[in-house]
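Take a look at the structure set out below.
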Amino acid sequence: MKILIQNASYIAFDGETNQADILIENGVITKIAPQIDGMVDRKVDAARKLVSPGFIDLHVHLREPGGEKKETIATGTLAAARGGFTTLAAMPNTRPVPDTKEQMDWLQNRIQETAKVRVLPYASITTRQLGQELTDFAALKEAGAFALTDDGVGVQSAERMLAAMRKAAANNMAIVAHCEENTLINKGCVHEGSFSKKHELNGIPSICESVQIARDVLLAEATGCHYHVCHISTKESVRVVRDAKRAGINVTAEVTPHHLLLTQDDIPGLDANYKMNPPLRDALDREALIAGLLDGTIDFIATDHAPHTAEEKSEGMVLAPFGIVGLETAFPLLYTHFVLKGIISLDQLISYLTIKPAEAFGLPLGKIEVGAPGDLVLINLDEERVINPEEFLSKGKNTPFGGWKCMGWPEMTIVNGQIAWERGSVLA
């Protein structure tokens, strides 16, 4: 299939906005020029739109297999396309867990059959994510595992994590960590702070996260393993990662839109749509996260898209599961509240969602250049819309951002030269 994007405005590596036509043939960008003529299957006029590389989200929960009431690979990837994401990395906390070659083969086949965008599946570090027996890293890599994580639970044993990092380094695989020290969780459902005290709830202290990151960066130094910190949320954690990078340790980190935008002070009451793990922290933590993103301590942004049913979230702050959805709102939220307010530039935001995650994990993605995959998103930066969860293509409607007015909405997403989603089409 040939797609010609005409009158495209896109941001080059020097931060300057270029104007050109972009031709995609057989899934690859084959020509970029002031004007391209010839027969194509589809012409798309991108005048008055921003054309960006497709966004990359390296932390999502697609729930399949085992959690199809919450989400499926099909619904989650269609939601991703609506949000401008062309590549996802899917977490392994499914049932069954992708902890064997056979289960990874099944998952890869299911992705091939139903995914609307590119999906890179994680494999688990330990069997059934129980933190005990290490999985067969080599076999899982051969079956297409993107990286290794027990996301949802932290690996509690330092001995086990050291062994995992040695084994991962030998197989040239990254260890991706959800960092929580279980003895410090305190049965909490929110951050340990003013909100937990006001509502007499058990709180999760900041040290619960940062102490495990501090342990792990030293293990990563000892093994030479690429160690990646999921959804960093505290000022102490930022400090640990910053110091580790200065020491030359191979550590990367991500931050979510909701931790950049919200704090415990924004929680209106006992609304479980504000319950996520890690929880919304203090204002000083949010400031540290923004500073860490700007100075390169934090490498990129990931949504931690975590769909749940309305029934589950209605169980209240204590009993409801952790997590919110984020694929369909990430760009407009960040564009409106960071770019338009002058906190970051547009090219920085695009970088945090494209080339930065690609570089962190060595992916040949995130660029608009001849020879690059035909992954593009067309965005109307001037359109203002209200976030309406009932319009989500995800099965999950669990978001704290319902009713927020935002600028900058994707209008078309192209994956490998195929239109995965288009505003107003039957796919929308």
Side-chain angles (χ1 to χ4, degrees), residues 56-80 85-155 160-161 163-178 223 225-228 230 252 254 302-307 327 357-358 360-365 373 415-416:
I56 300 167
D57 191 345
L58 298 185
H59 191 148
V60 303
H61 299 269
L62 297 180
R63 304 301 189 199
E64 188 178 3
E68 288 84 353
K69 287 185 178 181
K70 304 170 187 277
E71 192 78 285
T72 64
I73 293 168
T75 60
T77 55
L78 185 56
F85 290 91
T86 56
T87 299
L88 307 177
M91 288 297 175
N93 56 340
T94 54
R95 295 296 177 267
V97 174
D99 56 6
T100 65
K101 180 183 183 301
E102 291 74 21
Q103 189 56 35
M104 181 59 67
D105 286 341
W106 180 92
L107 183 57
Q108 294 280 22
N109 288 333
R110 188 64 175 162
I111 289 167
Q112 183 68 29
E113 292 168 357
T114 65
K116 311 300 181 185
V117 305
R118 184 181 297 102
V119 178
L120 309 174
Y122 284 101
S124 61
I125 298 170
T126 64
T127 301
R128 296 173 60 197
Q129 297 184 291
L130 295 177
Q132 300 299 318
E133 180 184 4
L134 297 182
T135 57
D136 187 339
F137 293 3
L140 289 164
K141 181 178 181 178
E142 184 180 356
F146 167 62
L148 298 153
T149 183
D150 275 4
D151 183 63
V153 288
V155 175
R160 192 75 68 246
M161 183 59 101
M165 287 189 181
R166 283 175 175 157
K167 192 174 178 181
N171 285 278
N172 194 28
M173 298 181 78
I175 291 287
V176 176
H178 172 112
T223 61
C225 178
H226 173 199
Y227 171 69
H228 178 73
C230 290
T252 54
E254 70 191 38
T303 69
D304 191 11
H305 175 81
L327 286 168
F361 283 81
L363 299 172
L365 304 169
V415 182
N416 278 330

Chi angles and distances behind the side chain to side chain contact (heavy atoms under 4.5 Å, CB included) call for L120, L363: CA-CA 11 Å; L120 309 174; L363 299 172; 4.0 Å; yes
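- Looking at every heavy atom in both residues, I56 comes nearest to A358 through CD1-CB, 3.9 Å.
- If you take OG1 on T223 and CZ on R166, they are separated by 8.0 Å, rounding to the nearest 0.5 Å.
- Here the CZ-OG1 distance, from R160 to T126, works out to 8.5 Å after rounding to the nearest 0.5 Å.
- Between I73 and L107 the shortest side-chain heavy-atom distance falls below 4.5 Å.
- At a cut-off of 3.5 Å, with distance as the only test, no side-chain donor of E68 or T72 sits close to an acceptor on the other residue.
- Counting heavy atoms from C-beta outward, P96 and P65 have side chains that approach closer than 4.5 Å.
- The distance from the CG atom of N93 to the CG atom of L62 is 10.5 Å, given to the nearest 0.5 Å.
- A donor-acceptor pair shorter than 3.5 Å cannot be found between the side chains of T135 and D99.
- Taking every heavy atom of both residues into account, A143 and K101 meet most closely at CB-CG, 4.0 Å.
- Here the side chains of I125 and L134 are in contact, with some heavy-atom distance below 4.5 Å.
- Of all non-hydrogen atoms in L88 and G76, the two that sit nearest each other are CD1-O, 4.5 Å.
- Distance CD/E254 to CG/D57: 8.0 Å, rounded to 0.5 Å.
- Atom CG of N172 has 12 or fewer heavy atoms from other residues, nucleotides or ligands within 6.0 Å.
- Rounding to the nearest 0.5 Å gives a distance of 5.5 Å between CE of M104 and CG of L140.
- Taking R110 as the reference, E64, E113 meet the salt bridge (charged side-chain N to carboxylate O under 4.0 Å, His left out) condition, with sequence neighbours excluded.
- T303 has its side chain within reach of F85: a pair of non-hydrogen atoms, C-beta onward, lies under 4.5 Å apart.
- A donor-acceptor pair is defined here as one N or O able to donate and one able to accept, closer than 3.5 Å; no such pair exists between the side chain of K141 and the backbone of M173.
- When all heavy atoms of A168 and C225 are compared, the closest pair comes out as CB-SG, 4.0 Å.
- Nearest approach of P307 to R63, heavy atoms of both residues: O-NE, 3.0 Å.
- Test T87, I111, N416, T77 against V117 for side-chain contact (heavy atoms from CB on, under 4.5 Å) and you get one pass: T77.
- Ring planes of H226 and F361: tilted class, angle from 30 to 60°.
- Counting all heavy atoms, side chain and backbone alike, T252 lies closest to A360 at CG2-CB, 4.2 Å.
- Side-chain atoms of D304 do not come within 3.5 Å of backbone N or O of H59 as any donor-acceptor pair.
- In this structure the side chain of T149 reaches within 4.5 angstrom of the side chain of M91, judged on heavy atoms.
- Looking only at distances, no side-chain donor or acceptor of Y122 sits under 3.5 Å from a matching main-chain atom of P98.
- Separation of atoms CG (D105) and CD (E142) is listed at 9.0 Å; rounding is to 0.5 Å.
- The side-chain heavy atoms of L365 and R118, taken from C-beta on, include a pair separated by under 4.5 Å.
- Residues Q112 and Q108 have side chains not in contact (no heavy-atom distance under 4.5 Å, counting atoms from C-beta outward).
- Counting heavy atoms from C-beta outward, D151 and H61 have side chains that approach closer than 4.5 Å.
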